There are 2 protein chains.
Amino acid sequence: MLLRIDQSSTTPLFDQLAASIRAAAIAGSVKAGERLPAARDLAESLDINVHTVLRAYQVLRDEGLVDLRRGRGAVVTDRAARYSQLSAAIDAVVAEARTLELSPDTVAALLREALR
Amino acid sequence: MLLRIDQSSTTPLFDQLAASIRAAAIAGSVKAGERLPAARDLAESLDINVHTVLRAYQVLRDEGLVDLRRGRGAVVTDRAARYSQLSAAIDAVVAEARTLELSPDTVAALLREALR
DNA sequence: CAACTTGTTCTAGTTGAACTAGAACTATAG
DNA sequence: CTATAGTTCTAGTTCAACTAGAACAAGTTG
């Protein structure tokens with residue numbers, strides 16, 4: 001599992017981390033039942049704060065992608081498997097956005113508007 | 001044209017405003033050639049700062065949706081007309097997201113990840 | 001032309017979310 | 001029991017977003 005964190009980006013670190021793990025779960029590079037690194041360990045290896053990692057884990061828990069339990073850590077659920085159709089739909093949007101040469105911000109804003 | 005601004009939201013006001021106008025342009029409720037309200041006027045009627053409105057206008061200019069000229073104001077271009085296929089693709093994503101009961105934040109994050 | 005409109009640029013101050021930091025606590029695994 | 005690892009709490013820092021006001025420049029209008 002590749003976790004990319006960009007300290008210079010303006011998007012919150014916990015968001016970046018959650019997005020990275022989420023993508024890995026959907027792509028299947030982390031499978032259901034697998035355990036994510038302990039928050040303290042991951043925080044150290046990424047050189048960010050423990051709270052930031054835990055917040056990312058909590059985001060994923062709210063989405064139902066991981067179970068979070070004391071003593072055991074963060075375990076990936078099987079929920080990610082159900083995201084395949086969504087991924088396909090998103091790919092279609094990405095393709096359209098590229099032909100129009102729209103920025104990620106613009107496309108994201110359009111999506112958010114459509115979701116309201 | 002309906003412009004919705006939520007002061008209590010954490011998403012930047014200029015983003016909200018830009019999104020609102022963008023949606024109107026794509027929906028066709030403001031057409032190419034039409035002039036948007038002068039920044040000072042809009043700022044007053046929405047009870048926000050002029051700079052915030054101008055920033056929203058600049059976002060739309062960067063996307064090519066409006067022309068911005070001194071003395072004349074912000075005029076809508078015909079670019080929005082080319083967004084129809086993108087809108088359809090976005091609608092498909094929205095439909096999938098709703099069946100999975102995902103939050104807007106989650107879907108937006110997935111999209112951003114796919115756009116990288 | 002002159003007057004007016006409207007976006008542009010500059011400086012400066014305020015606010016709040018995000019992040020950091022550290023400690024104490026608690027449920028679970030082994 | 002002991003170690004692990006998430007939970008909760010308090011507190012301080014930083015930076016983008018927003019506000020505010022003024023001076024300016026390039027158009028439009030009469």
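All heavy atoms count here, side chains included; hydrogens, waters and symmetry mates do not. Keep in mind that this is a model prediction, so the values were computed, not measured. Naming convention: chains lettered A, B, ... in sequence-line order (proteins, then strands); numbering from 1 in each chain.
At least one donor-acceptor pair under 3.5 Å links the side chain of B/Q16 to the backbone N or O of B/D6. A/R112 contributes no side-chain N or O that, together with a main-chain N or O of B/A108, makes up a donor-acceptor pair within less than 3.5 Å. Side-chain N or O atoms of B/S29 include none that pairs as donor or acceptor with a backbone N or O of B/M1 at under 3.5 Å. A donor-acceptor contact shorter than 3.5 Å is absent between the side chain of A/T52 and the backbone of A/F14.
Between the CZ atom in B/R82 and the CG atom in A/L102 there is a gap of 9.5 Å [rounded to 0.5 Å].
As rounded to whole Å, 14 Å separates atom C1' of D/dA17 from atom CG of B/L17. D/dA17 atom P lies 16 Å from atom CD of B/Q7, rounded to whole Å. One interatomic measurement links the two molecules: CD of A/Q58 to C1' of D/dG6, which rounds to 8 Å at whole-angstrom precision. Distance CD1 (B/I5) to P (D/dA17): 15 Å, rounded to an integer number of Å.
Residues A/T106 and A/S103 have side chains in contact (heavy-atom distance under 4.5 Å, counting atoms from C-beta outward).
The 5' end of DNA chain C is approached more closely, in terms of each residue's nearest nucleotide, by B/L36 than by the other of B/L36 and A/N49. With DNA chain D read from its 5' end, the first of the two nearest nucleotides for B/R72 and B/R55 is the one closest to B/R55.
Chain B approaches DNA chain C over the interval C/dT5 to C/dC10, counting the first and last nucleotide 5' to 3' with an atom under 4.0 Å from its heavy atoms.
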>> One pair to check against side chain to side chain contact (heavy atoms under 4.5 Å, CB included): A/I90 and A/V94. What are the steps and the verdict?
In response: CA-CA 6 Å; A/I90 285 177; A/V94 171; 4.2 Å; yes
>> One pair to check against side chain to side chain contact (heavy atoms under 4.5 Å, CB included): B/R22 and B/V59. What are the steps and the verdict?
In response: CA-CA 10 Å; B/R22 191 188 298 114; B/V59 166; 4.0 Å; yes
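Contact annotation for B/L54: base contact, defined as any heavy-atom pair under 4.0 Å involving a base atom.
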Between the protein and nucleotides 23-25 of chain D, which nitrogen or oxygen pairs come in under 3.5 angstrom?
unit_1	atom_1	unit_2	atom_2	d
D/dA25	O4'	B/R70	NH1	2.8

